[in-house]
Amino acid sequence: MKSSTRYEIRFSGSGGQGIITAAVVMADAIGAFDGKNVCQTQSYGPEARGGKSKAELVISDSPIDYPKALQVDLLLAMTQAACDAYFFDLKTDGLLIVDSGLVEQVPTSRAVSLPFTQIARQQIGRELVANMVALGAVGYLSGQVSMESLHSALLARVPKGTEEMNRKALQAGIDAATKIDLSSLPRSIISDWESEL
Amino acid sequence: MLERAEIIRQEYLRHDKKFPHVWCPGCGNGIVMNALLRAIHHLELPKDNIVLASGIGCSGRLPTYVDFNTIHTTHGRALTFATGVKLAKPQLSVIAVMGDGDATAIGGNHFIHAARRNLNITAIIINNNTYGMTGGQYSPTTPYGSKSTTSVYGHVEHAFNIAELAVVAGASFVARGTVYHANHLNTMIQQAIVKKGFSVVEVISNCHVQHGRRNKLGNAVQMINSFKENAVPVGKAEGMTAADMQGKFTIGVLCDVEKPVSTEEYDRVRQAAQTEASRIAEEKAKNGVKRYEE
Amino acid sequence: MEASEGQKKILLQGNEAIVHGALAAGCRFFAGYPITPASEISEILSVKLPLVGGTFIQMEDEIASMGAIIGASLAGVKSMTATSGPGFSLIQENLGYACITEVPCVIVNVMRGGPSTGLPTNVAQGDVLMARWGTHGDHPIIVLSVSSVSECFSVTIKAFNLSEKFRVPVIILSDEVVAHTRESVILPNQNEIQVFDRITPSVPPEWYKPYAENNRGVPDMAAVGDGYRHHVTGLVHDERGFPTQQPKEVEQFLNRLHNKITKGFSEIVMTKSFEMEDAEVCVIAYGSVARSAMRAVKDARMQGIKAGMVQLVTLFPFPRKVVDSALRQCKAVIIPEMNMGQISREIHRVNQAGTRIIKHNRIDGHLITPSEILKHLISV
C-alpha cells in the first residue's frame with residue numbers, strides 16, 4: 001500500500017498572539033477555497049492570554065487519518081519558549097520560521113528569521129496583526145496554498161472592520177517572504193553523506 | 001353549587017383512572033385540585049390547551065386525576081419540563097403544581113430561575129410544611145422548632161417564605177391563599193392563569209397526618225380552621241406591627257407587575273437573527289465576500 | 001444549513017458539524033448550560049436556531065436543560081442538549097425519565113478528562129459506560145460515537161432519526177479532539193438527507209393508547225396540545241399511561257422497552273471496517289482514537305503486517321456480531337482507549353473464541369498516537 005503524502009505545519013507562540021486564528025485562516029484557505037483535504041487541531045490552556053499556544057495543520061491529497069502532526073514539515077515559532085518546546089519533531093528537511101525579534105536562539109540552520117512583530121508595528125501600526133504577517137510568510141514559503149485563497153479566507157474569518165488592516169499585514173508577510181531564497185538554506189540538517197550511512 | 005360540582009366532576013376528572021386517589025382523608029390537595037378545576041372552568045379554557053406538569057410527592061399525583069395534557073415529572077423538575085413545553089408551544093396554558101420541598105428544596109434553583117426568566121407559566125405550590133409522601137421529614141418550610149421524622153429534637157433551621165422568595169426572584173404575579181379560603185383560592189388561581197408572565201400561587205395546606213400529628217396541631221379540620229385564624233389579608237397586614245403578625249401570615253396578591261414575557265422577547269430574537277442574516281446575505285451579494293458567520 | 005453550500009467543501013469544527021447535522025435532522029429546540037469543550041454547540045445554535053424559527057435557551061443547569069428538551073419533545077419539537085462530563089452527570093436523572101416515557105431526544109457529550117472537573121481542555125473517553133449505564137434502573141439506550149468532522153454531521157442526523165424512530169434518547173459521544181478539530185468537508189444538500197419524523201397517531205383521540213404494544217414495539221406519539229390528552233409519568237405505567245404496580249403490566253411494559261431496541265438492532269448498530277479482508281491482527285477503536293488506529297494499520301501494512309481495523313460507531317447496543325467475527329478471524333485484537341478499558345470489558349464479554357486481547361490505555365489527557373498502536377501490531 002502506498003503511503004499518502006502528508007504536509008504538516010505547526011503554528012506556535014503564546015496565548016493572545018493569534019496563533020490559532022492564523023492556523024484557522026490557513027486551514028480555511030486550503031480546505032474551503034483551494035478545496036484540498038485539511039485537518040486543523042490546537043491545544044491551549046484554560047487561560048485566554050499567556051501560556052504556550054499551538055495549532056497544527058495536516059494537509060493531504062487523500063482523506064486524513066491521524067488528525068495531529070506526526071512529523072512537522074514547517075514550524076512557525078513566535079516565541080523562544082514555543083520554539084524550544086515544539087522544535088523536537090520537526091523533520092530533518094523541515095523548515096523553521098521564527099519571529100527574529102522574539103526568538104534569539106534558533107536551533108537549526110534550516111531556518112528563516114523574519115521580524116513579524118516589527119513589521120506589524122512599523123508597517124501596519126499594530127503589533128496585534130503580527131500573526132497575519134507571519135501567516136503570509138508561512139503561506140508563501142510552505143507552497144501549500146494559493147495566495148488568493150489565503151486572502152479570501154482571511155477576509156472571511158477576521159472580525160468585521162479589521163479586514164483592511166489584516167489584509168495589509170498578510171501582504172506584508174508575503175512580501176517579506178518573497179525576498180527569502182529557500183534554496184540558499186541547507187536541504188536538510190543531515191548532510192547527504194550522513195543520510196547515506 | 002351542587003350542580004357545578006357535578007359538572008366539574010364529570011367534565012374534568014379521569015374516571016377511567018381508578019379512583020380513589022392516593023391522598024389521605026382530609027388532605028388539602030383535593031381542595032387545591034378543585035379550586036384549580038373551577039378556575040379553569042370559569043375561564044372556559046379548552047382542555048386540549050392545558051398542560052399540567054407536576055413533580056414528585058403527594059402534590060405530584062394531582063395531574064393523574066384530571067383530564068388535561070398531564071406530565072408527572074421528576075422531583076423538583078416540573079418547571080424545567082414546563083419551560084420546554086411552553087417554549088415549544090407558547091399557545092398552550094402551562095401550569096405547574098408542586099409541593100414545598102419539590103419547588104423550593106430540590107427544585108429551588110429551577111423555581112427562582114423560572115421566576116427570573118418570566119415565561120408565561122403558572123406555578124401552584126402547595127405548602128404543607130413537610131415531606132408527606134416519604135414520611136414527614138423536615139422541608140424548607142418546616143417552622144423553626146417543629147418536630148419531624150428528621151428533627152425529633154426540634155427543627156434548628158429557619159423556614160423559607162415561598163411567596164416572598166418568588167417576589168424577589170422576579171415573578172410577575174405572586175399570591176398566597178389557603179385551603180380554608182377555597183373561593184379566594186379559586187380567584188387567586190384564576191388571576192394567576194390570566195396573568196401574562198410567571199405567576200405563583202402559594203397555597204397553605206395541611207398535612208395533619210405527618211406534620212400536624214407530630215406537632216400537636218390537631219386533626220384536618222382543626223388545622224384548616226387554624227388557617228382561617230392566622231391568615232391576614234395583605235391590605236390589613238399593612239397596618240399591623242411585627243408583633244401583631246407573630247404566628248400569622250398574609251393572604252392575597254403580594255405582587256402584580258407588568259414585565260415583558262420571555263416567549264415574546266424571544267420572537268424579537270428571531271426577528272433580529274433574520275434581519276442580521278439578510279444583511280449578511282445582501283453584503284455577500286454586493287461584495288462577493290463570504291463571511292464566516294454565515 | 002444553506003442549500004447553496006451543496007457540494008462545496010467547507011471548513012468546519014466538529015462541534016459546528018454537530019450543529020449542522022442537528023439542524024438538517026430537524027432539531028428546532030436546544031437547551032444547554034455552558035461547559036468546555038461543548039460550548040461551541042450552544043453558541044452556534046443560539047445564532048442558528050432563531051433563524052429557522054427554532055428556540056435556544058440557556059438553562060440554570062444541565063438537570064434543567066434535560067427537563068426542558070424532554071418538555072419540548074413532548075410538545076412535538078425535535079430537541080437536543082450538549083454537555084461534557086460534569087454536566088453529563090447532571091443530565092442522568094431526567095435521562096432516565098426520557099427512557100421510561102419514551103421521549104425522543106439527543107444528548108451530545110463531548111468527553112474531557114475526568115473524574116469530576118478533571119481536565120477540562122483535554123481529551124478522554126471516560127464516559128463510555130456511564131453513557132450506557134449512567135441513569136438508574138435497567139434501561140435501553142442508544143450510544144453512538146464520532147471520530148471525524150464529517151461523522152459529527154452524519155452521526156448526528158442518524159441520532160435524531162433513531163431517536164424519533166425508536167422513541168429513545170440517543171447519546172452521541174464526541175471528544176475534545178473531534179470537537180475542536182477543523183476539517184474540510186462536503187455536506188450533502190438537504191434533499192439528499194434522509195430525515196425520520198416520529199409517527200403520530202392516526203386513530204381518533206378517544207381510541208389513542210399512548211403506550212400500547214404494536215408490531216413495531218414503538219407506540220405512536222401524540223404531541224401535547226394536539227388533542228390527544230394523555231398522562232405522562234416516570235412511574236411504571238400501563239398502556240394508557242397511568243401508574244401501575246401490577247406485576248403483569250410492569251413486566252410487559254419493561255420488556256417492550258428493551259425489545260424495541262433488540263428488534264431494531266440491525267438498523268441501530270453501525271461499524272466501519274478497514275483492511276479486514278485478510279487481517280490476522282486487528283484494532284478495535286472508536287472516537288478520535290479510531291483515526292490513530294487507522295494510521296497505525298496503514299503503517300503496519302507498509303511493514304508487511306496483515307493488520308486491520310474495526311471502528312465502532314454504535315457503542316450500545318454493543319455491536320456483538322461484528323466484534324465476534326473480528327475476534328474469530330484474528331489471532332490478536334488491540335483495543336486502544338483513552339480510559340482504563342471500558343469497551344474492552346465488552347469485548348472480553350463477547351470473546352468466546354478466546355482470542356488474545358491487548359488493551360492499550362492512555363489517561364493523561366492526550367490522544368493515543370499511531371506509533372503506540374503500531375508497537376502492539378508489530379509485537380504480535
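Nothing here was measured: the structure is a model prediction, and the numbers come from that model. Letters go in sequence order (proteins before strands), and every chain restarts at 1.
Closest heavy-atom contact between C:A75 and B:A88: CB-CB, 3.7 Å. In plain terms, the two heavy atoms of B:L79 and B:F111 that are nearest each other are CD1-CA, 3.7 Å.
Heavy-atom pairs under 4.5 Å with chain C were tallied for B:R77, B:Q271, B:Q91; the largest tally goes to B:R77. The choice from B:D267, B:L92, B:T73, B:L52 that makes the most heavy-atom pairs within less than 4.5 Å of chain C is B:T73. Counting heavy-atom pairs under 4.5 Å between each of B:A273, B:S54, B:G84, B:P63 and chain C puts B:G84 at the top. Counting heavy-atom pairs under 4.5 Å between each of C:S65, C:G54, C:G234 and chain B puts C:G54 at the top. Across C:G241, C:S79, C:G71, the residue that shares the most heavy-atom pairs under 4.5 angstrom with chain B is C:G71. Counting heavy-atom pairs closer than 4.5 Å to chain C, the top-ranked of the candidates B:R117, B:H75, B:H113, B:Q274 is B:R117.
Between C:F242 and C:H231, the gap from one ring centroid to the other is short of 6.0 Å. A distance below 6.0 Å separates the ring centres of B:F81 and C:Y97.
Side chain to side chain, C:R229 and B:T70 fail the donor-acceptor criterion of an N or O pair below 3.5 Å. Judged purely by distance below 3.5 Å, without hydrogens or angles, the side chains of B:S172 and B:N118 pair a donor atom with an acceptor atom.
Contacts of B:V269 with chain C are made by both backbone and side-chain atoms, with heavy-atom separations under 4.5 Å. Residue C:V77 touches chain B through its side chain alone, counting heavy-atom pairs closer than 4.5 Å. Only the backbone of C:Y228 has a heavy atom closer than 4.5 Å to any heavy atom of chain B. Contacts between C:L74 and chain B at a heavy-atom distance below 4.5 Å involve the side chain alone, from C-beta outward. Neither the backbone nor the side chain of C:A31 comes within contact range of chain B, judged by heavy atoms closer than 4.5 Å. Contacts between B:R61 and chain C at a heavy-atom distance below 4.5 Å involve the side chain alone, from C-beta outward. Both the backbone and the side chain of B:I71 come within contact range of chain C, with heavy atoms under 4.5 Å apart. Proximity to chain C is absent for every atom of B:K86, based on heavy atoms less than 4.5 angstrom apart.
Taken from CD1 in B:I106 to CD in C:E93, the straight-line distance is 6.0 Å, to the nearest 0.5 Å.
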- Query: For C:E60 and B:R116, what are the C-alpha separation, side-chain angles and deciding distance, and is it a salt bridge (Lys or Arg N to Asp or Glu O under 4.0 Å)?
  - Reply: CA-CA 11 Å; C:E60 53 273 16; B:R116 173 184 66 77; 5.3 Å; no

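Classification of B:K47 and B:E11 as a salt-bridged pair holds, one side-chain N sitting under 4.0 Å from a carboxylate O.
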